[in-house]
Number of protein chains: 2
Amino acid sequence: MKNDTDTATTRPSDLSTQIAGQIRDAIISGALIVDERLPSEAELAEQFSVSRPTVREALKRLAAQSLIRTQRGASGGAFVNRLSFEDAYPQQITTSTLLLSMNDVSFDTACEARFALERACTGLAADRRGADHLDVMRAELRRQSQTDLTDEAFCASDVTFHRALVDAAGNPVLSYHLAGPVEAMQPLMNMITFTARSRARIVALHTAIVDALDARDAEACDTHLRALETYTRQLAADVMARRAQQG
Amino acid sequence: MKNDTDTATTRPSDLSTQIAGQIRDAIISGALIVDERLPSEAELAEQFSVSRPTVREALKRLAAQSLIRTQRGASGGAFVNRLSFEDAYPQQITTSTLLLSMNDVSFDTACEARFALERACTGLAADRRGADHLDVMRAELRRQSQTDLTDEAFCASDVTFHRALVDAAGNPVLSYHLAGPVEAMQPLMNMITFTARSRARIVALHTAIVDALDARDAEACDTHLRALETYTRQLAADVMARRAQQG
DNA sequence: GACAGTTAAATGTAAGACAAATGAAAAATG
DNA sequence: CATTTTTCATTTGTCTTACATTTAACTGTC
């Protein structure tokens, strides 16, 4: 399967792009294994018949994707990087956020996707949640109840709450794939000004969710998440309507 | 030449990394708008007090993340790229695949996450699936029934089938977030040798899924997806057991 | 044999040059 | 005057060379 990262139209792209692609394919195919050292820049340059700066540009591309790391000195060089979940998180969040902000995806579409994915965790979370997860969620609940909280801090706490829910499913792959959808909603949520009443409603739903997890009741958890989605979308619709009315 | 204002507190990372970070932050924060042109490489070099190759390495990092695009010629330069879903797909798939292959995630964990996320689409897919989605799925069903198909081709068809299911939900954000989990399973599935009997069972479950979507029966769709997950994990467990037995 | 200085190898950075692409201005042509 | 062609300036793509910096290994001295 050839996974050309750029140029759908078979353009004769840059040399550095081509070289980066070849090395990337070698890593993906397993020809280069984790912690293996690549040839030195000078050797790569000779091997690909290009200059050293061109090779360096290719290596920088790979480093930007955390596929390799470089080390200076005598036994230095470029090494195939073990791509960790920690490395991949920020990249995933950045990409998800930019996708939403640059493609004017409607609030409804983004919200629908996010809650649909989050509800995918309820079954596992109800089974596996530990006391620590409940503790985190209840701590955030207390924070969300403080009336002097800014809207931004409220949203940030909301994100922490939901990530604890996701982590409660005890599946690191699931946690990774939900980081993007959950975090990318935060800028959109920040556009909503939360009244005391709407905050109270959200906290009530959050409380119901925690209690459902505490009781290991997946169905109730799912139900309350649906209610939270409905309410969130209603809030956003109200904001839109008010904004359209006022010009 | 050592006029660096930030000496002690900041990481002694590469200049190109620092510069790339600054430009990236400007894009994320909205200081640089989509399709806006960055200063020329020479101007950036002077602005950051570095050489042109260093600036170029920074720009290549950003290009690797599809944050910018470059164009040669008189009115060329580096432009802030509108990050499209098409651009983000390959990156997402590559990262997901490497995360699984490099972190020895168990088959069960990866499979659990993938099916949990896919089931998140059933409700919307049952509501919104069009005739075209059913057509694609049925076409893949016919392909999967051909006995002369290699295991790789069978798995590839499987991926196409499930992506059609996801797309049937009619939510591009959802489709994007599911591309990784679904595609990244393919290498793991390729480790399983499918007997005629196991293929028949899978095709039967796939058929049940399509029929459920055709009838707009979300619950049945969910049920059959669960059955497919159970069967897939059983198949993998059998392979593992056989492999452990034979040494 | 332990320690310190030296050396070699590799990446990081700089500077200058030329090639190639590209759009716009200038010039030639009808 | 309108149109086509030519020229030209700008910008990225690439190469060459050189030097700085970092780091591990080597080597010589005590």
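Just so we're on the same page: letters track the sequence lines, and every chain starts at 1.
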> Any donor-acceptor pair under 3.5 Å linking the side chain of N81(B) with the backbone of R69(B)?
Replying inline: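 Looks like no, no N/O pair under 3.5 Å.
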> L38(B) or P53(B): which one's nearest nucleotide on DNA chain D is closer to the 5' end?
Replying inline: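 Comparing both residues, the 5'-ward one is L38(B).
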> If each of A78(B) and G73(A) is mapped to the nucleotide of DNA chain D with the nearest heavy atom, which maps nearer the 5' terminus, i.e. the 5' end?
Replying inline: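 First, find each residue's nearest nucleotide; the 5'-ward one identifies A78(B).
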Is there a side-chain polar atom (N or O) of [X] under 4.0 Å from OP1 or OP2 of [N]?
{"X": "T54(B)", "N": "dA14(C)", "value": "yes"}
{"X": "T70(B)", "N": "dG13(D)", "value": "yes"}
{"X": "S75(B)", "N": "dG23(C)", "value": "no"}
{"X": "R56(A)", "N": "dT11(C)", "value": "no"}

[X] [atom1] to [N] [atom2]: how many Å, rounded?
{"X": "R37(A)", "N": "dT23(D)", "atom1": "CZ", "atom2": "C1'", "result": "13 Å"}
{"X": "E57(B)", "N": "dT12(D)", "atom1": "CD", "atom2": "P", "result": "16 Å"}
{"X": "L59(B)", "N": "dT11(D)", "atom1": "CG", "atom2": "P", "result": "14 Å"}
{"X": "Q71(B)", "N": "dA20(C)", "atom1": "CD", "atom2": "P", "result": "19 Å"}
{"X": "E46(B)", "N": "dG16(C)", "atom1": "CD", "atom2": "P", "result": "13 Å"}
{"X": "D14(B)", "N": "dT21(D)", "atom1": "CG", "atom2": "P", "result": "15 Å"}
{"X": "I68(B)", "N": "dT11(D)", "atom1": "CD1", "atom2": "P", "result": "16 Å"}
{"X": "L44(A)", "N": "dA9(C)", "atom1": "CG", "atom2": "P", "result": "17 Å"}

> Counting any heavy atom closer than 4.0 Å, what does R69(B) reach on the DNA or RNA strands: base, sugar-phosphate only, or nothing?
Replying inline: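 Nothing, no heavy atom under 4.0 Å.
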> Should E140(A) and R143(A) be marked as a salt bridge (Lys or Arg N to Asp or Glu O under 4.0 Å) after you check the CA-CA gap, both sets of side-chain angles, and the distance that decides it?
Replying inline: CA-CA 5 Å; E140(A) 294 303 324; R143(A) 178 172 301 162; 3.5 Å; yes
Is there a side-chain contact between [X] and [Y], using heavy atoms and a 4.5 Å cut-off?
{"X": "L38(A)", "Y": "I68(A)", "result": "yes"}
{"X": "R61(A)", "Y": "R61(B)", "result": "no"}
{"X": "Q91(A)", "Y": "Q91(B)", "result": "yes"}

From the list [options], which nucleotide is the closest neighbour of the side chain of [X]?
{"X": "R72(B)", "options": "dT22(D), dT10(D), dA20(C)", "value": "dA20(C)"}
{"X": "A74(A)", "options": "dA9(C), dT11(D), dA14(C)", "value": "dA9(C)"}
{"X": "S51(A)", "options": "dG12(C), dT12(D), dC15(D)", "value": "dC15(D)"}
{"X": "R52(B)", "options": "dT21(D), dA14(C), dA17(C)", "value": "dA17(C)"}

